[in-house]
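Quick note: residue numbers are just sequence positions, from 1. In listed order, ligands and their atoms are each counted from 1.
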Amino acid sequence: MATVVTAVESVLEARGIEKSYRRGVWPVARRQDVLRGVDLALRPGEVVGLVGENGSGKSTLMKILVGALRPDAGTVAVSGRLGYCPQEPVFYERLTCDEHFELFGRAYKMSAEDERRSRRNLYAALGFERYAGTRADQLSGGTLAKLNLGLALLGDPEVLLLDEPYAGFDWDTYLKFWDLVAGRRQAGRSVLIISHFVTDEGRFDRIVQLRDGRAGPR
Ligand SMILES: Nc1ncnc2c1ncn2[C@@H]1O[C@H](COP(=O)(O)OP(=O)(O)OP(=O)(O)O)[C@@H](O)[C@H]1O
Ligand SMILES: [Mg+2]
């Protein structure tokens, strides 16, 4: 009789992801294979680090996971809502922090009440409430990074994908960030974080390394 294995369902599963970029123009155009069959799965409540050299394809993979970039081959399956924080913050320069939250809340189809509650919690958790009425083009780099992280978290997504989220954070914010992540884990939410910091290794449940276009354990 076959053994029945009850595996914990993945909240995100990528299989056989391939991506190459075309560089230059004819007659010197050439193809660069960045991802050559990446498999990656995230289980509920897992905090996973994604590491690899500069240019190894971490951001490319994350863009494919969120659907911002189309892979040449492979599939991505996600169950639940996705939050994404890109490596370069994306913002509307004329809108204030509050206005960004309102806009994203509507995009996530949240009620005004839920959005305001979540926004208040995020201001408190990351400590940037005093910039609520400041236009994005007048924010410091670190505060802009907080806004981007806050927007990714606003809708309490099952899967949170963060591309080097704390590069510009001061020490206090860095610690607050990890408190937030611990809270996500406890709530059974999953987080995938691109990181270069060897000192963070102990904070992850698991580390996945991209090397030669493939993902493997570190
Ligand atoms: N739009 C693009 N067109 C052409 N080549 C690209 C494009 N985006 C990325 N690349 C190339 O693909 C490779 C992987 O880039 P990617 O940004 O995914 O790396 P990364 O691992 O995130 O690096 P880093 O640690 O520097 O952020 C690099 O060699 C990069 O030059
Ligand atoms: Mg990158």
Side-chain angles (χ1 to χ4, degrees), residues 12-42 46-78 82-91 126 136 139-153 157 159-170 173-174 177-178 180-181 184 190-218:
L12 179 148
E13 185 148 0
R15 280 172 189 267
I17 302 295
E18 294 176 19
K19 181 73 189 174
S20 61
Y21 289 114
R22 191 183 273 284
R23 299 198 133 188
V25 283
W26 188 87
V28 285
R30 61 183 185 87
R31 244 179 42 154
Q32 181 193 4
D33 296 328
V34 178
L35 304 174
R36 304 163 186 249
V38 170
D39 297 321
L40 180 81
L42 266 184
E46 234 187 352
V47 177
V48 176
L50 180 60
V51 303
E53 299 180 343
N54 291 135
S56 56
K58 304 181 296 299
S59 295
T60 298
L61 175 61
M62 203 169 261
K63 284 177 196 161
I64 289 171
L65 296 180
V66 300
L69 191 67
R70 194 193 269 278
D72 300 330
T75 57
V76 178
V78 180
L82 247 173
Y84 169 52
C85 198
Q87 191 165 4
E88 298 297 333
V90 175
F91 59 92
L126 290 165
L139 295 173
S140 70
T143 308
L144 206 50
K146 289 183 198 181
L147 175 61
N148 254 258
L149 180 59
L151 294 172
L153 276 161
V159 187
L160 185 61
L161 303 177
L162 309 175
D163 194 341
E164 299 193 39
Y166 42 75
F169 286 171
D170 57 50
T173 308
Y174 171 80
F177 168 79
W178 283 108
L180 254 174
V181 171
R184 308 299 300 164
S190 312
V191 193
L192 181 68
I193 304 174
I194 295 179
S195 168
H196 283 295
F197 297 151
V198 185
T199 46
D200 292 335
E201 277 189 21
R203 297 182 184 270
F204 296 110
D205 299 318
R206 185 158 64 86
I207 293 186
V208 171
Q209 181 161 31
L210 269 189
R211 194 194 289 131
D212 300 326
R214 290 205 174 75
R218 191 168 156 88

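Of all protein heavy atoms, the one lying nearest to atom 9 (C) of ligand 1 is Tyr21 CE1, 3.4 Å. Among all non-hydrogen protein atoms, the one lying nearest atom 30 (C) of ligand 1 is Arg23 NH2, 3.9 Å. Taking atom 18 (O) of ligand 1 as the reference point, the nearest protein heavy-atom neighbour is Thr60 OG1, 2.6 Å. Shortest contact from atom 13 (C) of ligand 1 to any protein heavy atom: Gly55 O, 3.5 Å. Ranking the protein heavy atoms by distance from atom 29 (O) of ligand 1 puts Gln32 NE2, 2.9 Å first. Among all non-hydrogen protein atoms, the one lying nearest atom 21 (O) of ligand 1 is Lys58 NZ, 2.8 Å. Remark: minimum distance from atom 26 (O) of ligand 1 to any protein heavy atom is reached at Asn54 ND2, 3.2 Å.
For the Mg ion (ligand 2), the set of nearby N, O or S atoms under 2.8 Å includes none belonging to Met62. With 2.8 Å as the limit, Ser59 counts as an N, O or S neighbour of the Mg ion (ligand 2).
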Arg184 vs Val47, test: side chain to side chain contact (heavy atoms under 4.5 Å, CB included). Steps then yes/no. CA-CA 9 Å; Arg184 308 299 300 164; Val47 177; 5.9 Å; no
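Within 6.0 Å of atom CD in Gln32, more than 12 heavy atoms from other residues, nucleotides or ligands are found, so the atom counts as buried in its surroundings. Remark: Arg211 CZ is loosely packed, at most 12 non-hydrogen atoms of other residues, nucleotides or ligands lying under 6.0 Å away. Atom CZ of Arg15 has 12 or fewer neighbouring heavy atoms from other residues, nucleotides or ligands inside a 6.0 Å radius.
Contacts of Glu53 with ligand 1, taken as heavy-atom pairs under 4.0 Å, involve the backbone alone. At a heavy-atom cutoff of 4.0 Å, ligand 1 is contacted by the side chain of Val34 but not by its backbone.
Short contacts between ligand 1 and Glu164, defined as distances under 4.0 Å to a heavy atom of the residue, involve ligand atoms 25 (O), 27 (O). Close approach to Ser59 involves these atoms of ligand 1, each under 4.0 Å from a residue heavy atom: 17 (O), 18 (O), 20 (P), 22 (O). Counting the atoms of ligand 1 from 1 in the order shown, those under 4.0 Å from a heavy atom of His196 are 25 (O). Every atom of ligand 1 is numbered from 1 in the order shown, and the set under 4.0 Å from a heavy atom of Gln87 is 27 (O).
Checked by distance only, ligand 1 and Arg22 stay at 3.5 Å or farther apart across all their nitrogen or oxygen atoms. In terms of N/O distances under 3.5 Å, ligand 1 is approached by Gly57.
Note that the NZ atom of Lys19 and the CZ atom of Arg70 stand 9.0 Å from one another [nearest 0.5 Å]. Atom-to-atom distance recorded for Phe177:CZ and Lys146:NZ is 13.0 Å, nearest 0.5 angstrom.
Inter-residue side-chain proximity for Leu65 and Val159 is flagged as unmet; no heavy-atom pair is nearer than 4.5 Å. At least one side-chain heavy atom of Ile64 sits less than 4.5 Å from a side-chain heavy atom of Leu35.
Residue Ser56 places a heavy atom less than 4.0 Å from ligand 1.
Not one N or O on the side chain of Arg30 forms a donor-acceptor pair closer than 3.5 Å with the backbone of Arg23. Side chain of Lys58 to main chain of Gln209: no donor-acceptor pair is present (N/O by atom type, distance under 3.5 Å, no hydrogens or angles). Distance alone, capped at 3.5 Å, places no donor-acceptor pair between the Asp200 side chain and the Arg203 backbone.
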